[in-house]
Protein chains: 2
Amino acid sequence: MARKQGSHSDITGPRVRAAALKLFAAHGFAAVSMRQIAAEVGVQAGALYLYTPDKQTLLSDLLETHMGEVLSAWQAELPRIEARGGGPEAGLDAFARFHIRFHLARPQAVFISYMELRNLTPENFAKLEAMRKQYEDGLEQILIEGKARGLFDVSDTKLTTLALISMLNGVLTWYKPEGRLSLDRVESIYADMVSKSVRAQERSAQIA
Amino acid sequence: MARKQGSHSDITGPRVRAAALKLFAAHGFAAVSMRQIAAEVGVQAGALYLYTPDKQTLLSDLLETHMGEVLSAWQAELPRIEARGGGPEAGLDAFARFHIRFHLARPQAVFISYMELRNLTPENFAKLEAMRKQYEDGLEQILIEGKARGLFDVSDTKLTTLALISMLNGVLTWYKPEGRLSLDRVESIYADMVSKSVRAQERSAQIA
DNA sequence: TCTTGAACTGAACGGGTGTTCAGATAGGGT
DNA sequence: ACCCTATCTGAACACCCGTTCAGTTCAAGA
């Protein structure tokens, strides 16, 4: 029965990862069995081991791939910020909008990326943490620069970075594409809240 | 060996719930076995069934108890807000500070409350969702009133409610009691960010 | 046409799962 | 001193787990 039309390694491999992503996001890593993943792909459990050495690696590959995509997508965004002036205010706005848009396009990957970290081996966990930190540092640099220029009123850039990312991540818990608000509208509202939450008060002295 | 000193139902029952809370928070509901919980208590697995009809109920009892405590603690906070003037600004500040303080005191319960919802039966899930909504409505009412009085600049009170709670919940992912910042300091920084993120711009017209 | 080997099956491995229950144990009431 | 019963044990139940592997199938290369 092997080697049916269109059932080569190039096709089954991605299907295995897609099935794992879907099921891990829906039920959690620990609650999903290799047999369930295999059934979703339409294959016996043993066949999965042609595409992953074990269940744990299947998870960490998904997470590393996702985090890699986040990092390179944000890198690709930087030139566009420069093109629009490149100040901390433009950077912060771009970050908020990028984060919302990018993450809403991959809700399952984002979901498991912060739900299933504890199911990684220490080595895999450390690697993921480093990537996450790199992403957060991108935001913190914007805050640091804005603070230095007196544009932002931020007492602790590290805490603020985490608080802003938490707020932005929250969109995943409720956003539905067919919902009341359009993606653009959601993006704008979040970008506005982010901007206001760190903006320095306009000094009355300047106006008076 | 039964009925050792101090090993009555009144004592073992709470110990079972405490062990389950600890292990569920650390490893996740699906990854923790009844035998592990029993071992933590110092008892055989069968004995757990004197204190819970099944594993699922053990989880939902923990979640419902926690959510009940959140709601009643917030109710108890309301008179104190009234005493301090009772406006939307005072209410919002009180909510942020209450949320941070209360949740940091129960990190494990909070953790499982938004990680393990999917492991509940639909009935138990619905009950929990209703309680969570009631809590969120407390915050939204503050925003609605502040918006009506022109104190807050909030285009969508529902979205803003969820965004603010997400931001406040984020504190759990990084706060360590022995860390760099004191609880009071963290509380103040978050309360400040919350306040600024919804505050209406001071109109230059008023000043000029 | 024959051979090769990638892709997959299906059964098996040892071990863990939630849950049940007959029986042992021992503190409190009489 | 005795019994009662709340409490707990330890074994068993049927089933599911991740992983391995000998064997089967069949498209492609020679």
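Order of the sequence lines fixes the chain letters, A, B, ..., with proteins taken first and strands second; residue numbering starts at 1 for each chain.
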Asks: I'd like to know if B/Arg35 reaches the base of C/dG18 with its side chain, counting only an N/O donor and acceptor under 3.5 Å.
Replies: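 Answer yes: a donor N or O sits under 3.5 Å from an acceptor.
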Asks: Would you say the rings of A/Tyr135 and A/His99 are close, in the sense that their centroids are separated by under 6.0 Å?
Replies: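 Between A/His99 and A/Tyr135, the centre distance is under 6.0 Å.
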Asks: From CG of A/Leu48 over to P of D/dT20, roughly how many Å is that when rounded to an integer?
Replies: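 The distance from CG of A/Leu48 to P of D/dT20 comes to 12 Å, rounded to the nearest Å.
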Asks: Compare side-chain N and O positions of A/Thr12 against OP1 and OP2 of C/dA7 and report whether any pair is under 4.0 Å apart.
Replies: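 Answer is no, no contact under 4.0 Å.
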Asks: According to a strict under-4.0 Å criterion, is B/Ser33 in side-chain N/O contact with OP1 or OP2 of C/dG16?
Replies: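 No, B/Ser33 has no side-chain N/O under 4.0 Å of OP1/OP2 on C/dG16.
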Asks: Would you kindly give the CD-to-C1' distance between B/Gln44 and D/dT9, to the nearest whole Å?
Replies: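 Atom-to-atom, B/Gln44 to D/dT9, this comes out as 6 Å.
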Asks: Without decimals, in angstroms, what is the distance between A/Gln36 CD and D/dG18 P?
Replies: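 For the pair A/Gln36 CD and D/dG18 P, the rounded distance is 8 Å.
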Asks: Whole angstroms only, please: what is the CD-C1' distance between B/Gln56 and C/dT17?
Replies: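 Those two atoms, CD and C1', are 16 Å apart.
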Asks: Tell me which of A/Tyr49 and B/Ala45 sits closer to the 5' end of DNA chain D, going by the nucleotide each one is nearest to.
Replies: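 The answer here is B/Ala45.
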Asks: According to a strict under-4.0 Å criterion, is A/Tyr51 in side-chain N/O contact with OP1 or OP2 of C/dC8?
Replies: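 Yes.
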Asks: Take the protein atom NZ of B/Lys55 and the nucleotide atom P of C/dG16, then report the distance between them rounded to whole Å.
Replies: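 Taking atom P of C/dG16 as the reference, NZ of B/Lys55 is at 15 Å.
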Asks: So is A/Arg149 actually on top of A/Phe152's ring, under 6.0 Å and inside 45° of the axis?
Replies: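 Because its charged atom misses either the 6.0 Å distance or the 45° angle limit, A/Arg149 does not stack over A/Phe152.
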